[in-house]
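Naming: A, B, ... by sequence-line order, numbering from 1 per chain.
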Protein chains: 2
Amino acid sequence: MGRCRGNAWWQGRFRGCGYRVTAGREIILDALTKTDKHLSAEDIYLSVKKACPGIGLATVYRTLEILVEMGLVLKFDFGDGRARYELAESPDKRANHHHHLICTSCKRVIDYTDFIEDEVELLRKTEKGLSAKYNFDIKNHVIQFYGICEKCRRK
Amino acid sequence: MGRCRGNAWWQGRFRGCGYRVTAGREIILDALTKTDKHLSAEDIYLSVKKACPGIGLATVYRTLEILVEMGLVLKFDFGDGRARYELAESPDKRANHHHHLICTSCKRVIDYTDFIEDEVELLRKTEKGLSAKYNFDIKNHVIQFYGICEKCRRK
DNA sequence: CCCTTATTGATAATGGTTCTCATTATCAAT
DNA sequence: ATTGATAATGAGAACCATTATCAATAAGGG
């Protein structure tokens, strides 16, 4: 995995948190970096298995847990019984801030970035107010709209 | 259950959707009406069992599924492995619109209503825009802030 | 190179949720 | 009030995403 120059920044963060840098962790983070889809743990497992056949599903779960805890990855629930993971914003990958539009009928998810500027502005204010009032250290937020998508509406 | 005069409105909605009104459904909706907590299916099961000992857990799940689908109840995931349910706004119970502040460490949830006016205003606009652009029929939304609560920070 | 210890893979266990099916209850039509 | 079609129920098994276990392995400081 010598080709991963751009990964130095998170390797430092890993070691800074007392975690070791392993091939499995590198390749899992790689898989998340190379997609804009909402992958489940199993999606990631299958994807990673191609380059690293020996990897186990438990390692994927364990790594994801760490990544979420470190704030590198966001974990979502779209209501289909399994968690989904997405790379959070990073030095490598900026301006990907978005929210989700979820069809409760077919579970399809649309990422939208429209109106994000206004939302972000309001959320910043809200976050600040809430942090102060409740003494909460806010790390991130989730906004999701639920409804019925175009296809499902036509039925 | 003759005392439940105020429930006439949802009984009509039930039948309008082709569902039958049963004692179990009444008492489950009752339990949700009488609390402002975030109950899990099992919480509701145990609570309802007191007044209706014969009720089964599966019935609770089935009823909740219907209530969520009808939009009477909202289903949340706070990251502790079980779904939580809350009565949505209703003719009986207005002005309870709120969002959640979730501690990722101890899973404590704080309801907040601060800044709700601004949020609601922005969301209304966003919702409108998204509906038009993606041809989505938006039913509701979720806003959640994740972070570390006061108690957990002190450790 | 060694030693401590975190990490791993395989697999069993867990636990929330859903499914199955025979029985019961609802309610529109009679 | 009675009936009949069928939706709803309770008990428990099944399902399946996620976690825990544990012996073997690998990371990385010394």
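- A/Leu122 shares a hydrophobic cluster with B/Leu122; the chain of contacts runs through ILVMFWY side chains whose heavy atoms sit under 4.5 Å apart.
- Ring geometry, A/Phe78 versus A/Phe76: the interplanar angle falls under 30°, so the pair is classed parallel (tilted spans 30 to 60°).
- The CZ atom of B/Arg84 sits 10 Å away from the P atom of C/dG16 (whole-angstrom rounding).
- The nucleotide whose nearest atom lies closest to any side-chain atom of A/Leu57 is, among D/dG10, C/dT17, D/dT18, D/dT18.
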Dot-bracket for DNA chain C, please. Rules: Watson-Crick or G-U, both distances under 3.5 Å, ( ) within the strand, [ ] when a pair crosses earlier ones, | for another strand, . otherwise. ||||||||||||||||||||||||||||||

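- Across the protein-nucleic acid pair, B/Leu39 atom CG and C/dT17 atom C1' stand 17 Å apart, rounded to whole Å.
- Within the hydrophobic cluster formed by Ile, Leu, Val, Met, Phe, Trp and Tyr side chains joined at under 4.5 Å, directly or through other members, B/Val120 is accompanied by B/Ile116.
- Distance CG (A/Asp77) to P (D/dC16): 18 Å, rounded to an integer number of Å.
- Near DNA chain D, meaning a heavy atom under 4.0 Å from it, residues 45-54 of chain B has B/Gly54 in order of number.
- Checked against side chain to side chain donor-acceptor pair (under 3.5 Å), A/Thr22 has no partners two or more places apart in sequence or in another chain.
- Between B/Gly18 and B/Val60, the residue anchored closer to the 5' end of DNA chain D is B/Gly18, taking for each the nucleotide with the nearest heavy atom.
- Residues passing the side chain to side chain donor-acceptor pair (under 3.5 Å) test with B/Lys49 are B/Tyr45, sequence neighbours excluded.
- Spacing between atom CZ of B/Arg82 and atom C1' of C/dT14 amounts to 12 Å, rounded to whole angstrom units.
- For B/Ile28 and D/dT9, the CD1 to P distance is 7 Å, given to the nearest whole Å.
- Applying the salt bridge (Lys or Arg N to Asp or Glu O under 4.0 Å) test to every pair with at least one member in residues 133-151 of chain B, sequence neighbours left out, gives these pairs: A/Asp114-B/Lys133, B/Glu150-B/Arg154.
- Rounded to an integer number of Å, the gap from CD1 of B/Ile27 to P of D/dA8 is 18 Å.
- Ring planes of B/Phe145 and B/Tyr112: tilted class, angle from 30 to 60°.
- In this structure, the side chain to side chain donor-acceptor pair (under 3.5 Å) partners of A/His100, at least two apart in sequence or on a different chain, are A/Glu86, A/Asp111.
- The side chain to side chain donor-acceptor pair (under 3.5 Å) search around B/Gln144 returns B/Tyr146, not counting sequence neighbours.
- In this structure, CD of A/Gln11 is placed 9 Å from P of D/dG28, rounded to the nearest angstrom.
- Applying the under-4.5 Å side-chain rule to Ile, Leu, Val, Met, Phe, Trp and Tyr, the cluster around A/Ile148 consists of that residue alone.
- Residue pairs meeting the salt bridge (Lys or Arg N to Asp or Glu O under 4.0 Å) criterion with at least one partner in residues 62-85 of chain A, sequence neighbours excluded, are A/Asp43-A/Arg84, A/Asp80-A/Arg84.
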Reading nucleotides 19-30 of chain C from the 5' end, what letters show protein touch, with B for base, S for backbone sugar-phosphate only, - for no heavy atom under 4.0 Å? BB----BBS---

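- Remark: C1' of D/dA8 and CD of B/Glu26 are 14 Å apart, rounded to the nearest angstrom.
- Between B/Tyr61 and C/dT18 there is no side-chain polar atom (N or O) within less than 4.0 angstrom of OP1 or OP2.
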